[in-house]
**Student:** 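Here it is, the structure, as structure tokens.
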Amino acid sequence: MITAEHIRQMVIHWLDTPPNGYFAQSYGADAKAMLLKELSADTADDFLRKLRRDIPIIDTLDEEQLSISVETVGFDRINVVLSIGNIDIQLNDNPITDIDQDYYNVSAQ
């Protein structure tokens, strides 16, 4: 039986996998690119469409059970949360393993 924890692990794996990370497969998410774009409904919809396409069990959920929300924290920070039923995954704090150090350090030489 597939539990909520299994689904959470599937989505985290999907987030940690770069697009086209598997040979001849489009599986994977580019969360970094989504977070750097303007926060519009089209960007979130495209991201959710790719999630549904790559993980078929997610495609069985209703529109109300799958969403991306944004919460402003303080002056210069937002939290972007992917909600799947009662599972919340924060996208901008999720450690993504395929990033080099220059992504985080803008003044890197």
Side-chain angles (χ1 to χ4, degrees):
M1 178 170 179
I2 297 176
T3 65
E5 180 60 23
H6 290 128
I7 292 175
R8 189 179 78 74
Q9 292 297 328
M10 286 180 212
V11 172
I12 288 173
H13 178 267
W14 182 74
L15 290 168
D16 285 345
T17 304
N20 305 315
Y22 291 106
F23 182 71
Q25 300 294 319
S26 67
Y27 178 88
D30 195 0
K32 297 175 298 210
M34 186 199 72
L35 292 172
L36 293 173
K37 290 182 183 175
E38 180 181 340
L39 296 174
S40 68
D42 293 341
T43 303
D45 289 343
D46 293 343
F47 192 78
L48 293 177
R49 242 187 314 279
K50 176 114 172 71
L51 174 62
R52 287 180 181 274
R53 189 172 50 244
D54 287 351
I55 304 176
I57 196 165
I58 302 293
D59 198 27
T60 63
L61 299 174
D62 295 335
E63 291 293 323
E64 294 82 31
Q65 294 176 307
L66 185 63
S67 66
I68 293 180
S69 59
V70 177
E71 173 190 34
T72 304
V73 179
F75 174 70
D76 61 347
R77 181 167 169 79
I78 60 169
N79 290 332
V80 181
V81 178
L82 171 64
S83 298
I84 305 167
N86 61 354
I87 304 167
D88 290 338
I89 300 171
Q90 193 164 335
L91 296 180
N92 52 328
D93 279 347
N94 189 21
I96 301 173
T97 56
D98 67 328
I99 301 174
D100 62 358
Q101 190 64 29
D102 289 340
Y103 181 79
Y104 289 110
N105 186 357
V106 251
S107 61
Q109 305 254 344

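Fair warning: this is a prediction, and the values are worked out from it, not measured in the lab. Numbering of residues begins at 1 and proceeds along the displayed sequence.
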**Student:** Side-chain heavy atoms under 4.5 angstrom apart, residues restricted to Ile, Leu, Val, Met, Phe, Trp, Tyr: same cluster for Val73 and Val70?
**Tutor:**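 No: no chain of side-chain contacts under 4.5 Å links Val73 to Val70.
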**Student:** Could you tell me whether Asp46 and Lys50 have a side-chain N and a carboxylate O separated by less than 4.0 Å?
**Tutor:**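 Judged by the 4.0 Å cut-off on N to carboxylate O distance, Asp46 and Lys50 do not form a salt bridge.
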**Student:** Checking side-chain polar atoms at under 3.5 Å, does Ser26 have a donor or acceptor matched by the opposite partner on Asn20?
**Tutor:** no
**Student:** Between Glu71 and Arg77, does any side-chain N to carboxylate O distance fall below 4.0 Å?
**Tutor:**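 Not counted as a salt bridge, because no side-chain N and carboxylate O are separated by less than 4.0 Å.
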**Student:** I need the Ser69 OG to Leu91 CG distance, nearest 0.5 Å.
**Tutor:**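 Those atoms lie 9.0 Å apart.
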**Student:** Within a strict 4.5 Å, meaning less than it, do heavy atoms of the Ile55 and Ile7 side chains meet?
**Tutor:**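 No; the side chains remain at least 4.5 Å from each other.
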**Student:** What heavy-atom pair brings Pro19 and Asp30 nearest, and what distance separates the two atoms?
**Tutor:**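 Residues Pro19 and Asp30, closest heavy atoms: CG-CB, 3.6 Å.
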**Student:** Quick one: does Thr17's side chain get under 4.5 Å of Asp54's, heavy atoms only?
**Tutor:** no
**Student:** Taking all heavy atoms of Arg52 and all of Leu61, pick out the closest pair and write down the distance.
**Tutor:**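 Heavy atoms only, the tightest pair is NH1-O, 3.1 Å.
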**Student:** Locate the shortest heavy-atom distance separating Ile87 from Ala4; write the atom from each residue and the value.
**Tutor:** CD1-O, 3.3 Å
**Student:** For a ring pair (Phe, Tyr, Trp, His ring centres under 6.0 Å) check, start with the C-alpha distance between Phe47 and Trp14, then their side-chain angles and the critical distance, and finish with the verdict.
**Tutor:** CA-CA 12 Å; Phe47 192 78; Trp14 182 74; 5.2 Å; yes
**Student:** Any idea which heavy atoms bring Ile57 and Met10 closest together, and the distance?
**Tutor:** CG2-SD, 4.2 Å
**Student:** So, do Leu51 and Leu66 sit near enough that their side-chain heavy atoms are less than 4.5 Å apart?
**Tutor:** yes
**Student:** Listed by chain and number, what are the ring-ring contact (aromatic ring centres under 6.0 Å, His included) partners of His6, not counting sequence neighbours?
**Tutor:**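 Residues passing ring-ring contact (aromatic ring centres under 6.0 Å, His included) with His6: none at all.
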**Student:** For side chain to side chain contact (heavy atoms under 4.5 Å, CB included), just list the numbers for Ile89 and Val81, CA-CA rounded to whole Å, side-chain angles, deciding distance to a tenth of an Å, and then say yes or no.
**Tutor:** CA-CA 6 Å; Ile89 300 171; Val81 178; over 6 Å; no
**Student:** If you count every heavy atom of other residues, nucleotides or ligands that lies below 6.0 Å from Glu63 atom CD, does the total exceed 12?
**Tutor:** no
**Student:** Go through the steps to decide whether Leu48 and Leu82 satisfy the test side chain to side chain contact (heavy atoms under 4.5 Å, CB included), and finish with yes or no.
**Tutor:** CA-CA 9 Å; Leu48 293 177; Leu82 171 64; 3.6 Å; yes
**Student:** Just say parallel, tilted or perpendicular for the rings of Tyr22 and His13, cut-offs at 30° and 60°.
**Tutor:** parallel
